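Okay, structure first, notes after.
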Amino acid sequence: MEGKPTLQSFPALSGGSGSALHQVKRRSKNPPKVGSPSGTPREIDAGLVIAGHSILYRDQQSRTVLKPFQAPPRGEKEANFYTEITKAASPETKILKTLCPRFYGVVESSEPNPAHSAFIRLEDLTRPFRDPCICDIKMGRVTYDPDATEEKKRRESVKYLPLINTGFQLLGCRISSDSGSKAQNLDKKWGRSLEEDQLVNIGLGKFLSSAGPVERNILVIKGILDRLLLIRDFFAVQTNYRFYASSLLILYEGYSPAELGSQGSSDSEDDRSRLHEPRVDVRMIDFAHVWNGDGVNLDENYLFGLNNLILAFESLLIEGTDPQASPI
Ligand SMILES: O=P(O)(O)O[C@@H]1[C@@H](OP(=O)(O)O)[C@H](OP(=O)(O)O)[C@H](O)[C@H](OP(=O)(O)O)[C@H]1OP(=O)(O)O
Ligand SMILES: Nc1ncnc2c1ncn2[C@@H]1O[C@H](COP(=O)(O)OP(=O)(O)O)[C@@H](O)[C@H]1O
């Protein structure tokens, strides 16, 4: 087994009060380094990165990814958020922590002229999957934070017009081909091309088109719904944060006919359990625009989209998906 990162690498940030997310904390003077010859991180397969500002790196030594810091103040803000929830002991924050990738601290590059000087180290959510099908869903009707300029607000408000009714948008996804041998990536151009009445059946339907036979497809949807309902339980009570421009990353194990074995039947216990309980995960990611809540009101902006997303998967459970109908 590969070495698991130890917790000695965090917290790498210091200063400031725990919950002041709008105040950017200073980075530690001596964060751990990456880039030594024995542990040089490699770029993660681009097909596994659905959206975002830059490439991710996979650390060969561990089951983690390194996400380059975004331009100030976003990189520090995201690192502060992860540091805060990782340290916090309140029951609510402990739950939030389980809904996000695990955080292993801030690291700096040890190379002389690095493309990225600092990173956050996160649990690699794709790692447990043999053939991950991944969808990045950006949450909220409003996708800019309270510091946004008028120009940024204008840009965001015209990007995907159905957003005002849906509260979520598909930034893209990765699915397997029918044979399960070659993956297909659909980008944000595809996501934004979906009309409001196509978002569920064609958009989410396409994402689910690698889930296999109908029984397995239903299990995947149920797995996704279980996770989404957990996330809603959190949002139904939490008043401490506002998540702007944050995403849900949905992952499931693509179906491969080999799951049934070469004779069309499964012999091993492992094969059978994969067929009956396909691996599914849903996590909150991208916290560059997390804001403090007022401690009283819910994050209605996020909740609106989340409730609609849950309704969308529930409708797919009842009506089924029809990937053949998809012209995209
Ligand atoms: O158009 P911009 O300049 O607002 O770029 C967006 C980014 O804003 P930034 O330039 O970093 O402030 C924006 O970043 P933020 O989430 O605002 O940090 C997103 O990357 C956005 O892509 P999408 O809407 O999530 O698919 C980016 O949008 P697109 O480039 O996909 O239009
Ligand atoms: N912990 C993770 N494990 C695996 N993939 C991830 C992880 N975090 C992000 N990604 C991938 O990287 C992409 C961009 O991540 P995101 O945090 O949204 O970046 P950005 O802040 O640049 O928008 C996501 O769409 C997802 O595919």
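First listed ligand is number 1; within each ligand, the first listed atom is number 1. Predicted, not measured: the structure shown is a model, and the values here were computed from it. Basis for what follows: all heavy atoms, side chains included, without hydrogens, waters or symmetry-related copies.
Of all the heavy atoms of K67, the ones lying under 4.0 Å from any atom of ligand 2 belong exclusively to the side chain.
Among the atoms of T126, none of the N or O lies under 3.5 angstrom from an N or O of ligand 2.
Within ligand 2, counting atoms from 1 as listed, the ones closer than 4.0 Å to a heavy atom of L48 are 27 (O). Residue-ligand proximity, P101 to ligand 2, at heavy-atom distances under 4.0 Å covers atoms 1 (N). Near V49, meaning under 4.0 Å from one of its heavy atoms, ligand 2 places the atoms 12 (O), 13 (C), 27 (O). Contact atoms of ligand 2 toward D136: 24 (C), 25 (O) (distance under 4.0 Å to a heavy atom of the residue). Annotation for ligand 2: atoms under 4.0 Å from non-hydrogen atoms of E123 are 1 (N), 2 (C), 3 (N).
The stretch residues 289-303 participates, sequence neighbours left out, in these salt bridge (Lys or Arg N to Asp or Glu O under 4.0 Å) pairs: R242-D294.
A salt bridge is absent between R154 and E150: the closest approach of a Lys/Arg side-chain nitrogen to an acidic carboxylate oxygen does not fall below 4.0 angstrom.
Considering only non-hydrogen atoms, atom 13 (C) of ligand 2 lies nearest to A51 out of A51, A288, G52, G47. Which of R174, H53, Q70 comes nearest to atom 21 (O) of ligand 2 through a heavy atom is settled by distance: it is Q70. Around atom 12 (O) of ligand 2, the closest heavy atom drawn from L125, L56, D124 belongs to L56.
The closest side-chain heavy-atom distance from F69 to V106 is below 4.5 Å. Proximity of E196 to I164: side-chain heavy atoms (C-beta onward) are nowhere separated by under 4.5 Å.
Residue Q169 forms a side chain to side chain contact (heavy atoms under 4.5 Å, CB included) with just one option from L194, T143, D136, and that option is T143. Screening L228, L309, L230 against V282 for a side chain to side chain contact (heavy atoms under 4.5 Å, CB included) leaves a single residue, L228.
A cation-pi arrangement is not found for K206 relative to W190, the charged atom failing to lie both closer than 6.0 Å to the ring centre and inside a 45° cone about the ring normal.
In this structure, F287 and F243 have perpendicular ring planes: the angle between them is above 60°, well past the 30° mark.
With E253 contributing its side chain and V280 its backbone, the two residues share no donor-acceptor pair below 3.5 Å. The backbone N or O of V142 lies less than 3.5 Å from a partner atom in the side chain of N301, making a donor-acceptor pair.
For F304 and F168, the distance between ring centers is not under 6.0 angstrom.
Between the CD1 atom of I250 and the CG atom of L125 there is a distance of 12.5 Å, given to the nearest 0.5 Å.
Residue-level contacts of ligand 1 at the 4.0 Å heavy-atom threshold are H53, R74, K138, K152, R155, E156, K159, L171, K188, R192, A245, H289.
Nearest non-hydrogen protein atom to atom 8 (N) of ligand 2 is I285 CG2, 4.2 Å.
Not a single heavy atom of I134 sits closer than 4.0 Å to an atom of ligand 2.
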